[in-house]
Structures are given as C-alpha cells and as structure tokens.
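Right, one structure below, let's go through it.
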Amino acid sequence: MPLVLLSGHAPLGELGLGAFQELRNADLAAPVTKAAWVAQSTATLAQDLARAIRIARSGRPGPVHLSLPTDVLEARLDPSGIAWPEPAAFQPEPMPLSPGMVAAVMAEIASASRPLVIAPPALCTPEGRGLLAPLSGVLGAPVLAMESPRGVADPSLGAFAEVLAEADLILLLGKPLDFTLRFGRAPAIAPGCRWIVLDPEPALLARAAHLLGGRLALAALCGAAEAARAFIMLPDAGNRPAPGWMDKVSDAIAHRPAAWDAYRGRSAGPIHPVTLCHALAPHLRDPQAVLVSDGGEIGQWAQALLTAPARVINGVAGAIGPSIPFAMAARRARPEASILAVLGDGTFGFHMAEFDTAVRHGLPFVAVVGNDGRWNAEHQIQLRDYGADRAHGCSLAPATRYDLVATALGGHGEFVQDAAELPVALDRAFASKRPACVNVLIEGQPAPVVRRK
C-alpha cells in the first residue's frame, strides 16, 4: 500500500549536540520502508514530498518515511523562491512490459494445459480487482489474487491448494515467490511446473531465478498493473482457455465443506463462527459495503465465509490489531456504505481506545468481536505442537464486556450470548449510526482448512 509517513525530527542545527529526542529516525525506518531520509531544506521540502509520493506509488507500492527537522518546518522564506514540483513529479515511475515480452508470455500460456495467474496484494484494491476478470479472459487462464498470510491454505480461496498442485504453468504477476507459495517447491507445486515471473523488483526476480532454476521460463521487470493493462489492451481476442480447467479452478476456489451447513441456521446454544458469519452476511449486500477482517482464527472464518464489494485484511505479514483504524478509514472513503469489521477479543485490545476517535469525528462502523476468551491462534499452535497439557499463557478473561468499552466512549454496544440474539443485535448496531461494538461469545474453533480430498 502506498503510504508516506511524516515524522518529527530534532533540528538540523542541533544534531550531534544532544538535542531533544535526537535519534537516527531515517536509519531506524529504512529496513521496513522503500526509502527513508531527513529533509535538509525548507526550500526543497516540496520536492522531498513529491519524491516520497512518487516512490510510494511506483513499482510495488509501499511505505516511505520522511523526517522533518523542526528548524526546517519553522524557517521563513519567500514562497516565490521555491521550486514547486510539477504534477508529473508525484506520478509513479513507469514500469511497462515490453510488447515482445507480452507476446512471449501469451505464447507460453497458450502452450500450457493448466496455466494459473497469481496477482499480488497490490491488485486486491477495487481498481486492481477490476483488472483481473478481463485479464483472465485475454490470457485464457484462471487469475486469482493472494494477500493472506495463510498462503495456499487461505480459506477464502477454498480448495485452491488442490488445483495449484496440478498447474503446469504459473504466472506470478507481481506476486512474490515466497512462503505463501511454499517457495515453489513440491508437493505444493508439481515438480515439472514452469514459471513466468513479472515483478517490479530486481531482487525478487533474482530470488525467483535462484529458487526455480531451469523451471523459470520467462522473467521481466515491470509493474503488475501496467503488465495487466498491456495484456488487456491486446488488439486480438487473446488465448482460448484450456477446456475444463477454468471451471475446475473456479469450483475449487468456491468450495466450502458441506459440514458447515449444519451451523448456518443454528438459533440456540454456543455460537459457532459459521453461525456468526451467516448472520453477518446480509449486512454486506450494500454495493458499497466494506468488510474489514482482522485477528487470528476468527478473521480466517470471516474471510472464508463473507464476501463484500471491498475487503481489507491484515495482509501477508499477518499483523493483527488494525481493524478499528481500518474501519474508520473505510468510513472516510465511503461515507454512505455499510462498514463491518470482524475481529477477535485479543485483537480488540490493541486499539479499543480509537472508539473515542471514531465518536469525536463522526465515523460510524460496526465492529463484531468474536469473543472466545483466548488468544486462539497461539492456543491452536500450542495444541498442535505441544499438546493440551502444555498449552498455556493464551487465556483471556471470560466474557469480557468489550461492548461496554464502546458505550463508555460514546459508541453503541451489544452483548450477544445466544445465536437467536444475533439478528436483532446486529440490526440495532447498524441502525445506531454510531461506532458500535457487537461483543459475541463464540466457540473457540481453529481456523478453517478447506479440503475436498
């Protein structure tokens, strides 16, 4: 995601003298950003901002950090003496795919029996997803996007792992070859599968070449969206899809276990995550609706069972906690939409105070907390790796009233202990037009694993 972070900085004129909060901020930020530096002049600050925005938007979008020394910010100067950047200075650096490589990729896909195209998180935006369907039609191959830390086991992709293992050609369209794809190794990938890697980072092209060796058929430096548009703009009809393969991949991704159906209509007793998600689905029918999915196990259930016109998750890194800030941002972006955030009870603790921010700024949303009284993702890992007698340190207080936190901060709160209460509680929360917390006591289930075999 393109992001420019502006932070304070000790005055340039006091560096090395022990200035207040004198730290090497840019050096600290450098390992986790695309670029980081300290502004050196008020006169060139506009150019710094243009450069930061350009870098953040170019290639694989990402974060840029710019430190602003106080003496740079407070200096006085004549605006007429500033070299203001032109609009083009803010635009991303072009990274097109050459016509020759477009033709070569098309030929490779046409010669494959079971090709797959995998897109990156950068194309999981509404605009990016708008490219994927026409791209599939032109390439004659299934196109899907991956943005989950669960990788090939992402439950929102159903039984995708099964068809991935059958592919004889995989095109990575800006999607890094990493742990989410099992590093391209068997048995997740067929040993004879060939690869095409199109990526905006030379280092990732080199990494793919190292991992794949002779299986790498083609590689090129380009932007993912630019490459997608280059294929879509082809003047002819494109490749014909391999018979049956498109349907097979689509059916695998859509598959959900029939056993889940038993929990959909449950109206009494403990609330299973499937029961909860079934009750949430009607609130995402708004054509502008946004689903924010966060947390460990409950977030995976939401991603497996809920769809929305726009979805925001916690990304490949799997860091939990941002759902409430994400929901506020979604409200700013879509003032009239239904905004639903699904998160766990441990996750709620990270940013519960932001309900105050949401109330003060008039940013209503509904946060549904799946409350199982534990850090369930870590608990499930301990159960799997060490056994129940050595699982510890993951329990939270049972039935904590997170809904009362929202109420105390000026929002709306609902406490749900029985499935029969869910529909009315959710209706009240959305009708409140306030930041709302629906605190639902659920069964502590492990994240779903979708298989057909």
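We count residues from 1, following the sequence as given.
To the nearest 0.5 angstrom, T125 atom OG1 is 7.0 Å from M1 atom CE. Rounding to the nearest 0.5 angstrom, the gap separating the CE atom in M106 from the CE atom in M101 is 14.0 Å. Rounding to the nearest 0.5 angstrom, the gap separating the CG atom in D168 from the SG atom in C193 is 6.5 Å. Rounding to the nearest 0.5 angstrom, the gap separating the CG atom in L169 from the CZ atom in R114 is 10.5 Å. A distance of 4.0 Å separates SG in C394 from CD in Q382, rounded to the nearest 0.5 Å. With rounding to the nearest 0.5 angstrom, the CZ atom of F348 is 12.0 Å from the CG atom of D294.
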side-chain contact (heavy atoms from CB on, under 4.5 Å) between S338 and L284, worked out: CA-CA 7 Å; S338 294; L284 293 172; 5.7 Å; no

Evaluate the criterion salt bridge (Lys or Arg N to Asp or Glu O under 4.0 Å) for residue pair E297 and R150; output intermediate values, then yes/no. CA-CA 11 Å; E297 310 304 87; R150 305 275 170 152; 3.0 Å; yes

Please report the C-alpha distance between R129 and E147 in whole Å, then the side-chain angles of each, then the deciding distance to 0.1 Å, and finally whether the salt bridge (Lys or Arg N to Asp or Glu O under 4.0 Å) criterion is met. CA-CA 12 Å; R129 289 189 183 277; E147 59 174 342; 3.4 Å; yes

Start with the C-alpha distance between V292 and V290, add both sets of side-chain angles, then the distance that settles side-chain contact (heavy atoms from CB on, under 4.5 Å), and finish with yes or no. CA-CA 6 Å; V292 180; V290 179; 4.2 Å; yes

Run the ring-ring contact (aromatic ring centres under 6.0 Å, His included) check on F326 and F365 step by step: do they pass? CA-CA 10 Å; F326 280 177; F365 59 86; over 10 Å; no

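Among R311, Q300, Q303, the single residue meeting the side chain to side chain donor-acceptor pair (under 3.5 Å) criterion with S293 is Q303. If you run side-chain contact (heavy atoms from CB on, under 4.5 Å) between L280 and each of T275, V342, L305, only V342 comes through. For the side-chain contact (heavy atoms from CB on, under 4.5 Å) criterion with M146, the lone passing option out of L123, L157, L172 is L157.
Between the N376 side chain and the Q445 main chain, a donor and an acceptor come within less than 3.5 Å of each other. Judged purely by atom type and a 3.5 angstrom limit, D199 has no side-chain atom pairing as donor or acceptor with the backbone of L204. With E108 contributing its side chain and L218 its backbone, the two residues share no donor-acceptor pair below 3.5 Å. A side-chain donor-acceptor contact under 3.5 Å links W245 to the backbone of P115. Here the side chain of S136 pairs a donor or acceptor atom with the backbone of A141 at under 3.5 angstrom. For R374 (side chain) and L396 (main-chain N/O), no donor-acceptor pair under 3.5 Å exists by modelled atom type. With R57 contributing its side chain and F90 its backbone, the two residues share a donor-acceptor pair below 3.5 Å. In terms of modelled atom types and a separation under 3.5 Å, the side chain of T33 and the main chain of A29 share a donor-acceptor contact. Remark: side-chain polar atoms of S432 are paired, donor with acceptor, to backbone N or O of A429 under 3.5 angstrom. R331 places a side-chain N or O within 3.5 Å of a backbone atom of P364 that can act as its donor or acceptor partner.
Looking at S58 and K34, their side chains never bring a donor and an acceptor atom within 3.5 Å of each other. A donor-acceptor contact closer than 3.5 angstrom links the side chains of E354 and T357. A donor atom on one side chain and an acceptor atom on the other are found under 3.5 Å apart for D48 and W37.
Using a 4.5 Å cut-off on side-chain heavy atoms (C-beta onward), I339 and L363 make no contact. Side chains of V312 and L291 form no contact here, defined as non-hydrogen atoms less than 4.5 Å apart. Residues R451 and E162 form a side-chain contact, since some pair of their non-hydrogen atoms from C-beta on lies under 4.5 Å apart. Under the 4.5 Å side-chain criterion, counting only non-hydrogen atoms from C-beta, L343 is not in contact with V368. Within the 4.5 Å cutoff, the side chain of L144 has no heavy atoms near those of the V117 side chain.
The minimum heavy-atom distance linking W375 with T347 is given by the pair CZ3-N, 4.3 Å. Taking each heavy atom of V438 and V366 in turn, the nearest pair found is CG2-CG1, 4.0 Å. In this structure, A310 and P126 approach most closely via the heavy-atom pair CB-CG, 4.4 Å. Shortest non-hydrogen contact noted between F183 and L177 is C-CD1, 3.8 Å. The shortest heavy-atom contact between A167 and A190 is O-CB, 4.0 Å. Of all the heavy atoms in R194 and A217, the pair that sits closest is NH2-CB, 3.1 Å.
When the shell of 6.0 Å around CZ of R452 is examined, it contains more than 12 heavy atoms from other residues, nucleotides or ligands.
In this structure, W260 has its ring center no closer than 6.0 Å to that of H272.
With salt bridges taken as basic N to acidic carboxylate O contacts below 4.0 Å, none links R256 and D261.
The list of side-chain hydrogen bond (donor to acceptor under 3.5 Å, both in side chains) pairs with a residue in residues 207-234, not counting sequence neighbours, reads E127-R229.
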